[in-house]
Amino acid sequence: MPKSDWPELAGAAQQRWNQNAAFWDDYMGEQSNTFHNLLVRPAMERLLAVQPGDSVLDIGCGNGNFSRHLAGLGTRVTAIDGSAEMIDRARKRTEGRAKGGPENGNAGSLDYRVIDVTDSERLVELGRNTFDAAVSNMAIMDMAVIGPMFEAVHGLLKPGGVFVCSLTHPCFQAPYAVRYAEQEDRDGEMIKRFGIKIERYLTPRPFEGLGIVRQPVPQYYFHRPLSVLLTTCFEAGFVLDGIEERAFDDSVKADRELSWANFRETPPMMAVRLRRLD
Ligand SMILES: C[S@@+](CC[C@H](N)C(=O)[O-])C[C@H]1O[C@@H](n2cnc3c(N)ncnc32)[C@H](O)[C@@H]1O
């Protein structure tokens with residue numbers, strides 16, 4: 001496999017998340033955004049199908065809004081992030097909240113910890129065969145090193161346990177991907193086309209980008225094509241047994257020309273369910 005982990009960038013990548021933490025937390029808040037609420041979260045929930053009482057590890061939890069949602073479903077969540085600033089924000093949002101969810105009468109729980117998963121020994125310390133499920137919500141492409149992380153998570157799961165990950169779709173949000181909108185006046189009919197031009201897909205590479213326009217500093221992304229991503233999962237011992245690719249449907253109105261809402265046939269995200277069999 002080509003080089004697809006960049007330990008030399010791990011510290012810098014995490015530092016950027018510390019710099020962006022307050023902005024991201026203010027922007028995402030408790031409710032998150034349309035992208036998460038309409039595309040990511042439903043796919044994650046279908047693939048995860050958690051049960052009250054399940055123990056769940058949330059990796060790269062950010063401000064913890066998905067972790068709190070999972071706890072609200074009655075699960076026991078250990079939520080980790082490499083950014084101390086993010087975990088600080090997550091804890092502040094949780095203070096004073098009743099733990100767990102009244103939705104189903106089962107009290108879940110939440111335990112936030114600062115753990116950079118590029119240091120897989122910190123992960124292993126969470127204990128073998130501990131979790132029913134692990135989740136990583138829109139964070140894999142932000143991680144400088146993933147090989148040892150997948151291996152460690154495989155051991156943390158109980159046999160049969162699942163690791164559900166969502167990420168920006170590596171085929172359509174690759175480095176140098178260009179989103180375009182075209183308009184053609186053809187025989188009296190105005191035809192609009194929305195598409196993506198991809199210049200570089202196959203070679204894994206780090207690049208810098210803006211997750212949210214106007215965030216304080218660009219973040220590092222780590223582009224890995226599907227073959228590299230999935231081979232990494234398979235080599236860690238996982239099998240793939242679920243996948244979703246989602247785009248907005250016509251119930252969502254675009255607020256600008258190049259919004260993903262105009263790209264109905266091009267999924268900006270994907271989610272996979274990996275399973276530990278043995
Ligand atoms: C795009 S945010 C997603 C946050 C959250 N999961 C959500 O859905 O809102 C990515 C998160 O991954 C975290 N992250 C990036 N690299 C990490 C690493 N090596 N170890 C742990 N967390 C990491 C960042 O600090 C950031 O909070």
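Counting starts at 1 for both ligands and their atoms, in listed order. Numbers here are sequence positions counted from 1. What you are looking at is a predicted structure, and each value in this text was computed from that prediction instead of being measured.
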Using a 6.0 Å distance limit plus a 45 degree cone around the ring axis, check whether R91 lies over the aromatic ring of Y112.
no
Ignoring hydrogens and angles, state whether a donor on the side chain of Q215 or W24 is under 3.5 Å from an acceptor on the partner side chain.
yes
So what's ligand 1 close to, N/O to N/O, under 3.5 Å?
| residue | atom | partner | partner atom | Å |
| --- | --- | --- | --- | --- |
| ligand 1 | 6 (N) | G60 | O | 2.7 |
| ligand 1 | 6 (N) | N137 | O | 2.8 |
| ligand 1 | 8 (O) | N137 | O | 3.3 |
| ligand 1 | 8 (O) | N137 | ND2 | 2.9 |
| ligand 1 | 19 (N) | D116 | OD1 | 2.9 |
| ligand 1 | 20 (N) | V117 | N | 3.0 |
| ligand 1 | 22 (N) | G82 | N | 3.0 |
| ligand 1 | 25 (O) | Q14 | NE2 | 3.1 |
| ligand 1 | 25 (O) | D81 | OD1 | 2.6 |
| ligand 1 | 27 (O) | D81 | OD1 | 3.4 |
| ligand 1 | 27 (O) | D81 | OD2 | 2.7 |

Establish, for the pair K197 and Y180, whether the NZ or CZ atom is under 6.0 angstrom from the six-membered ring centre and no further than 45 degrees off its axis.
yes
State, without any angle test, whether D54 and T75 hold a side-chain donor-acceptor pair at a distance under 3.5 Å.
no
Residues that S32 engages under side-chain hydrogen bond (donor to acceptor under 3.5 Å, both in side chains), provided they are two or more places apart
none
Please check if the distance between the ring centroids of W260 and F263 is under 6.0 Å.
yes
